[in-house]
Each structure stands twice: as C-alpha cells, then as structure tokens.
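Some notes on the structure that comes next.
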Amino acid sequence: MLEPTSERELLSRAHGLAGRTIDELSLTHARTSRAGHKGFVGSLVERALGLVQRGAGPDLPSLGIELKTIPIATDGRPRESTFVCMVPRDGLDHGWSESAPRSKLARVLFVPVERDGQRRVGMAFLWSPSEGDEATLASDWTELAGLLRTHGHEHVSAHHGQLMQVRPKARNAASRWRATGDDDAPMLALPRAFYLRRRFVASILSRTGMAGPRVET
DNA sequence: GGCTGATCATAA
DNA sequence: TTATGATCAGCC
C-alpha cells in the first residue's frame, strides 16, 4: 500500500478503520508477536494506514502530518496525555513559531481508540491548533523553554504550562543524556519531553464532537 | 480520579 | 544510544 498523498485520502483510510478492533488489525498488520506493549497500537494504526515507519520527522512528511492514537475511556474522554516530542538540545531560544513542538502540532491526525471490552478504533479527525490554542501554546512554550534554559532540565516539573507540560521520558529514572544547561554549559539530566495535558486533549476531542458522548450542560 | 514522575518495546 | 510509539504506577 502506498502512502496517502492527500489529507482527504488519509482521512478516508482512517475512517475506514473506524469500528475495527485492535485484535482484527493485528491479524493483518502486526509485525511482532509481542502485541500489547505500550507503543503497539500507535505503530499498528500507522501500518494499517499505509504509512512508512521512519526514524525521525513527521509521520507523513509529504503532508506534514503527525499521527496520534489516543486512548479513550467509556465516557468519551481521553485516558492519557499525549506525547509531543523530546525537549530539544538546541532551539530552546527559538520563538514558538520556530519551535519543535509547534511543527509537531501544526497538523495532527488524531485516531481515538476506545475500550469496550476490546480496544476499537474510533472516528479519526484532522486537527490544527485554533488561534486561541496557538496563543496559549506560545505562552507555554515561552515559559517552559525559559525554565529549561535558566533553571536546568532537572528543575522543571510537570506543574508548569497550561496546555503543554514537560515530563520525564526515559528508560528509567537513572537515565541521563547530555543536555545544555544555563550559560550553555553541558550537563547530564534525565531526558524530558513535551506532552499535551490530558484536559487539553479532552477539549480537542470535545470540539470535534466525534469521540463519544459529550458531557455538557 | 487526576496528575506527575517512571517505565516499556522497538527501530534505526 | 536516541527517537518514536505511548501506558503504567502510585502519590495526593
């Protein structure tokens, strides 16, 4: 299967997966026998959509689209936050518009995965941040990148940021990587990444109205 | 129950 | 070893 060449085709394929169970998709698209590990569903959906799995960059470079599967609880709300990208070694002094998180979030195909006894693909949708989202994300970026530069990676907790946060992303708590600290001094730190807060993902899903029952009054 | 910090598997 | 795909565990 060739990669989709348009958003329309990508979305069409994704909608074709709606209602399919993860077990069903595994029969034809699983690559390993070790089904059920943490990144399994994400990789499985990528292959089911005909995406080539690459090392770095967007999932669909020709369209600049990132694919995210998102686990949904029975009430229609996301169960987890969403990984965006690693905290970059360089580029923390960039503005939001040139930042790594912004390029990852510019265009995203969200694929909900519901749990109703089995895990089942829901109705996918394409998303870009609204103007309001952009403004708040830019503000988060300024705060978080500033903290990472001035306080060092070890002192930035997940409490900062309204829509986006910084959390550890490592093999274990003893992992270290070379980070660039204050005044550009090299230092070792626990690897960290940017994530979208769960409540922000919930608001994205709620705006689409396609991911399950809405809890509004 | 939600959130933060910790962790797991795989490919390149 | 790093990046990508995320979910797990347990404190609050």
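Residue numbers start from 1 in every chain, and the chains themselves are labelled A, B, ... in the order their sequence lines are given, proteins ahead of strands. Since the structure is predicted, the reported quantities are computational estimates derived from the model, not experimental observations.
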Report the distance from atom [atom1] of [X] to atom [atom2] of [N], rounded to the nearest whole Å.
X       : N       : atom1 : atom2 : answer
L51(A)  : dT4(C)  : CG    : P     : 15 Å
K38(A)  : dC8(C)  : NZ    : P     : 7 Å
L67(A)  : dA3(C)  : CG    : P     : 20 Å
Y195(A) : dC3(B)  : OH    : C1'   : 13 Å
H159(A) : dC12(C) : NE2   : P     : 10 Å
R79(A)  : dC3(B)  : CZ    : P     : 14 Å
H153(A) : dT4(B)  : NE2   : P     : 19 Å
I22(A)  : dT7(C)  : CD1   : C1'   : 14 Å

Taking OP1 and OP2 of [N], is either one under 4.0 Å from a side-chain nitrogen or oxygen of [X]?
X       : N      : value
T69(A)  : dA6(C) : yes
R198(A) : dC3(B) : yes
Q165(A) : dT4(B) : yes

If you find the nucleotide of DNA chain B closest to H37(A) and the one closest to R197(A), which residue's nucleotide is nearer the 5' end?
-> R197(A)

Run the numbers on T5(A) and S62(A) for side chain to side chain contact (heavy atoms under 4.5 Å, CB included), then give the verdict.
-> CA-CA 7 Å; T5(A) 55; S62(A) 60; over 6 Å; no

Using heavy atoms to find the nearest nucleotide of DNA chain C for S81(A) and G57(A) separately, return the residue whose nucleotide is more 5′.
-> G57(A)

If you find the nucleotide of DNA chain C closest to R115(A) and the one closest to A56(A), which residue's nucleotide is nearer the 5' end?
-> A56(A)

Using a heavy-atom cut-off of under 4.0 Å over every strand shown, decide if [X] touches base, sugar-phosphate, or nothing.
X       : value
K68(A)  : sugar-phosphate
P191(A) : nothing
G42(A)  : sugar-phosphate
R178(A) : sugar-phosphate

Contact list for DNA chain C against residues 86-110 of chain A - heavy-atom distance below 4.0 Å = M86(A), R89(A), K104(A)

The side chain of [X] is closest to which nucleotide in this list: [options]?
X       : options                 : answer
E46(A)  : dA6(B), dT7(B), dG5(C)  : dG5(C)
W177(A) : dT4(C), dA6(B), dA3(C)  : dA3(C)
A158(A) : dG5(B), dT10(B), dA6(C) : dG5(B)

Pair [X] + [Y], salt bridge at N-O below 4.0 Å:
X       : Y       : answer
R120(A) : E24(A)  : no
R54(A)  : E3(A)   : yes
R207(A) : D133(A) : yes
R102(A) : E98(A)  : no

Cation-pi between R89(A) and W177(A): NZ/CZ under 6.0 Å from ring centre and within 45° of the ring axis?
-> yes

Do any N or O atoms from the side chain of S43(A) and from the backbone of G39(A) form a donor-acceptor pair under 3.5 angstrom?
-> yes

Would you find a donor on one side and an acceptor on the other, under 3.5 Å apart, between the side chain of W141(A) and the backbone of H94(A)?
-> yes

Report yes if a donor N or O on one partner sits less than 3.5 Å from an acceptor N or O on the other, where the partners are the side chain of [X] and the base of [N]; otherwise report no.
X       : N      : result
K169(A) : dG5(B) : no
E80(A)  : dC8(C) : yes
R119(A) : dT7(C) : no

Out of D140(A), L163(A), V84(A), V108(A), which residue meets the side chain to side chain contact (heavy atoms under 4.5 Å, CB included) rule with L196(A)?
-> V84(A)

